[in-house]
Colleague: 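Okay, handing you the structure first.
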Number of protein chains: 4
Amino acid sequence: MTLAKATLKERTFILMAARTHTASLSERPDKREAILAAALELFAERGFHGTAVPLVAEKAGVGAGTIYRYFESKEALVNALYQQWKGVMLQSILLDFPHEAPIRGQFHAFWRRMFGFAQEHPQAFAFLQLHHHAPYLDARSIALEEASHQPARALFEETRKQQITKDVPPDILIAIVFGAFIGVARAAQEHRFALDEATLDQAEACVWEAIRR
Amino acid sequence: MTLAKATLKERTFILMAARTHTASLSERPDKREAILAAALELFAERGFHGTAVPLVAEKAGVGAGTIYRYFESKEALVNALYQQWKGVMLQSILLDFPHEAPIRGQFHAFWRRMFGFAQEHPQAFAFLQLHHHAPYLDARSIALEEASHQPARALFEETRKQQITKDVPPDILIAIVFGAFIGVARAAQEHRFALDEATLDQAEACVWEAIRR
Amino acid sequence: MTLAKATLKERTFILMAARTHTASLSERPDKREAILAAALELFAERGFHGTAVPLVAEKAGVGAGTIYRYFESKEALVNALYQQWKGVMLQSILLDFPHEAPIRGQFHAFWRRMFGFAQEHPQAFAFLQLHHHAPYLDARSIALEEASHQPARALFEETRKQQITKDVPPDILIAIVFGAFIGVARAAQEHRFALDEATLDQAEACVWEAIRR
Amino acid sequence: MTLAKATLKERTFILMAARTHTASLSERPDKREAILAAALELFAERGFHGTAVPLVAEKAGVGAGTIYRYFESKEALVNALYQQWKGVMLQSILLDFPHEAPIRGQFHAFWRRMFGFAQEHPQAFAFLQLHHHAPYLDARSIALEEASHQPARALFEETRKQQITKDVPPDILIAIVFGAFIGVARAAQEHRFALDEATLDQAEACVWEAIRR
DNA sequence: CATGAATGAGTTTTCATTCAT
DNA sequence: GATGAATGAAAACTCATTCAT
């Protein structure tokens, strides 16, 4: 079984899961989107418990009661938000991923796509970081979170078999790569340095050195 | 000017700053410590806004009012906690640091000490991660946070001058190293793998490869 | 410059100041009025610190939280109340005051109007007495209080110039007249005697004797 | 029955009542006095409910618990204070009162003694004003308060019989005289004018005019 | 006796959620 | 559907009172 085939089913599952609650019913979508956008901004900045629902409503330009027409509760709202953006993130990375390319090229694609997401949606990136493992995430959010590890795990399993990466447990390599990614992305967002293409390539080269045999 | 001398003053400043509010008044320390311990556990798990003061009191085994005898407000409590543990972390890393050792040895010391702290005080580690850049941190907490970057920055600046590490902006190397550290420590705490000495050395070797020339 | 002209501006200022915060926003007024009425009764009886907010809410027939939709804080509530009733009192006395009448007639008008207010609004009268100079009164309340002295001061200054009243500092005459007024009004409210028109006229005659030359 | 005899019994009762709780047990009196002095100052300034017991303790230079060795509760403390100062005030006025002097002389004595008390003990004067009719005053305080009206009532009853004062209900004359007294004393304490002997005499003359036939 | 640290009931205030309009 | 005024449960915080020292 090849990697491409192995992850295809998973990918499909993940993307469908992410969609489910995002664009479902025939509610006018603009208000729903406005609420999600406002919540994203506020939850990313002040956290879930630190953000009052009427504040979300105000920023979304809707009445406070309206939020409850689109989401059952504040918890349902965070979870919808989490699932939405986790889904977007996964799509950004996995859609048309060059599974047939050489491993180094796949790594480059991975790296670029992750940064692409973090730079295009800095608030979503911060939100996902902050709400990682929060106790109010529901089963679906947690399942999505866990499922999102699979593709990387499969890729690194494969690279190790091919003796491209170091002879180190894949989970450690994953932790190093994702950790480094998050570190660089956060530092860039905190304006510690400009993250142009050249710098991004430098960082990528460093991280590749970390894991390659 | 050598690295050892350069950081000595800073170290001293940082450690003193960290101490100032931690072990100040001559109040009987057991209740204060119990409150701090309870707050650490709860804030790390549920966040600042997600934790009610009476819950902290109950876990500390004191009355709710008692917390306000030791801390002016809930905010003062988080800040005391932040400063305490940031201080402990800095001490764990910097106390008797082998500034005169070869760079690779210094890196090893750094890596080992950071993990030592994260493993000895997993809740404190989680707490510091979660409350990084929270809007309720006061000036002292923020100053301490910023000061805590200095030693690493000085070390990496120096290694680059000596052409030991890659010709890459030090901030990026720092982001990679700390990011990878956090990734590995978190993954280990989430029980994705055992973090014995051998594994730790493997991870360290990987990260060194990332930055060495 | 005549008295009428001298006090006209002041009167206008005072009445406008009193209005400003009293009938401002377009909130449905009934709840606001119910809260103010309940607060008046309770603050007059038990004082500011002696009255819990939920008690005001209960007496007003609203939820406790509702009070904070209309008033920023308990302090804001007392101040609104103080300004409202000080304003009403000033209006009762000054509106269409017969500035052109002979002095004795002006004194009669003053006396009658003050008693009119105290008898029509005994709780407001008690409230204003009790909260005179309280430390939680804000700048506007204090300004209104101080401004409210002006008309009487101007009147007594004038009477002294015309040698109608005794050659005694006006502030003392004012203190005697207002003190006697408060004494009589309070005694009447404590049911020490009926305050019919005849009795009121007797008291007025006594006080006029106190100040007239 | 002469006035002197009529009030003698009452006076005795009043003064004894006032003493009862003031200097009774063999407790060291200095702490008790310190507590009463501190409470007087704070209650006069901030009211009963606005003053925290530990604040009284701090100002008195004793431990918070100590207050409860001398007074059963905060309410007991206000009542002791009220009774103490009402007693002192009555003594100041009634002790060696020239009952045999001509009425005008008695009025002069009354006036001077009341002002003497208000000026010697401005905080006690303010305290008694503020706590007049407070719901936490106990039966003894209320009885003392009511008894304190008797001497004046008897005096004014008598003067009316002798046709010295106006043919007006004595309670109204009392209300005018006490009201004017409070008005002048308060105005003086608020520094609206200096209250030297000459001014005091002027005010007295005014008030006498108010009531004399 | 004197204390003051400790407490929990009570205070002011906030906020997720509802529901009449 | 949409609203936002209204709410009461729960939050942060205070304070009269107690009790071990």
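Below, chain A is the first sequence line, B the second, and so on; all start at residue 1. If you're wondering where the values come from, they're calculated on a predicted model, not measured in any experiment.
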Colleague: For Leu55(B) and dC13(F), what is the distance between atoms CG and P respectively, to the nearest whole Å?
Modeller: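 In whole Å, dC13(F) P lies 15 Å from Leu55(B) CG.
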Colleague: Using modelled atom types only, decide if a donor and an acceptor are shared between the side chain of Thr66(C) and the backbone of Val62(C) within a distance under 3.5 Å.
Modeller: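 Absent.
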Colleague: If you count every heavy atom of other residues, nucleotides or ligands that lies below 6.0 Å from Gln129(A) atom CD, does the total exceed 12?
Modeller: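 Yes, the 6.0 Å shell around CD holds more than 12 heavy atoms from other groups.
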Colleague: Restricting to nitrogen or oxygen on both sides, can you table the protein-nucleotides 7-10 of chain E pairs closer than 3.5 Å?
Modeller:
unit_1, atom_1, unit_2, atom_2, d
dT7(E), OP2, Gly63(B), N, 2.9
dT7(E), OP2, Thr66(B), OG1, 2.4

Colleague: Of Glu72(D) and Glu75(B), whose nearest nucleotide on DNA chain F comes first from the 5' end?
Modeller: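 The residue closer to the strand's 5' end, by nearest nucleotide, is Glu75(B).
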Colleague: For Phe71(A) and dG1(F), give me the distance from atom CZ to atom P, rounded to whole Å.
Modeller: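 For the pair Phe71(A) CZ and dG1(F) P, the rounded distance is 14 Å.
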Colleague: Examine the side chains of Tyr136(A) and His49(A) and answer whether a donor and an acceptor come within less than 3.5 Å of each other.
Modeller: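 Not at all, the side chains of Tyr136(A) and His49(A) share no donor-acceptor pair under 3.5 Å.
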Colleague: How long is the line joining NE2 of His49(D) and P of dT14(F), in whole Å?
Modeller: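 Interatomic distance, NE2 of His49(D) to P of dT14(F): 19 Å.
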Colleague: Please confirm whether the shortest side-chain N or O distance from Tyr70(A) to OP1 or OP2 of dA2(F) is below 4.0 Å.
Modeller: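 True: Tyr70(A) side-chain N/O within range (under 4.0 Å) of dA2(F) OP1/OP2.
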Colleague: Side chain of His132(A), backbone of Leu128(A): donor and acceptor closer than 3.5 Å?
Modeller: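 Between the backbone of Leu128(A) and the side chain of His132(A) there is no qualifying donor-acceptor contact (under 3.5 Å).
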Colleague: Give Val53(B) one of three labels, base, sugar-phosphate or nothing, depending on what nucleic acid heavy atoms sit under 4.0 Å from its own.
Modeller: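 Here Val53(B) touches the backbone only, sparing every base.
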Colleague: Side-chain contact, heavy-atom cut-off 4.5 Å: Tyr70(B) with Leu36(B)?
Modeller: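 A side-chain contact is absent here, since even the closest heavy-atom pair is not under 4.5 Å.
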Colleague: dA6(F), dA5(E), dT18(F): which one has an atom nearest the side-chain heavy atoms of Tyr68(D)?
Modeller: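 Shortest atom-to-atom distance from the side chain points to dT18(F).
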Colleague: In the strands shown, is dT7(E) matched to any nucleotide by a Watson-Crick or G-U wobble pair with both distances under 3.5 Å, and which?
Modeller: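 Base-paired to dA16(F).
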Colleague: Quickly work out the Arg32(A) CZ to dG1(F) P distance and round it to whole Å.
Modeller: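 Checked: the CZ to P distance equals 13 Å.
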Colleague: Do side-chain atoms of Thr51(D) reach the backbone of Gly47(D) as a donor and acceptor pair under 3.5 angstrom?
Modeller: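 Side chain of Thr51(D) to backbone of Gly47(D): a pair is present.
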Colleague: In whole Å, what is the span from the CD1 atom of Ile35(A) to the P atom of dG4(F)?
Modeller: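 One finds 13 Å between P of dG4(F) and CD1 of Ile35(A), rounded.
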Colleague: Please give, in whole Å, the distance from dT14(E) P to Arg46(A) CZ?
Modeller: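 From Arg46(A) CZ to dT14(E) P: 13 Å.
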Colleague: Just name whichever nucleotide pairs with dT21(E), Watson-Crick or G-U, keeping both distances under 3.5 Å, else none.
Modeller: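 WC or wobble partner is dA2(F).
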Colleague: Is the NZ or CZ atom of Lys74(A) both under 6.0 Å from the centre of the six-membered ring of Phe48(A) and within 45° of that ring's axis?
Modeller: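 Yes, Lys74(A) sits over the ring of Phe48(A).
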Colleague: In whole angstrom, what separates Lys74(A)'s NZ from dT14(E)'s P?
Modeller: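 From Lys74(A) NZ to dT14(E) P: 15 Å.
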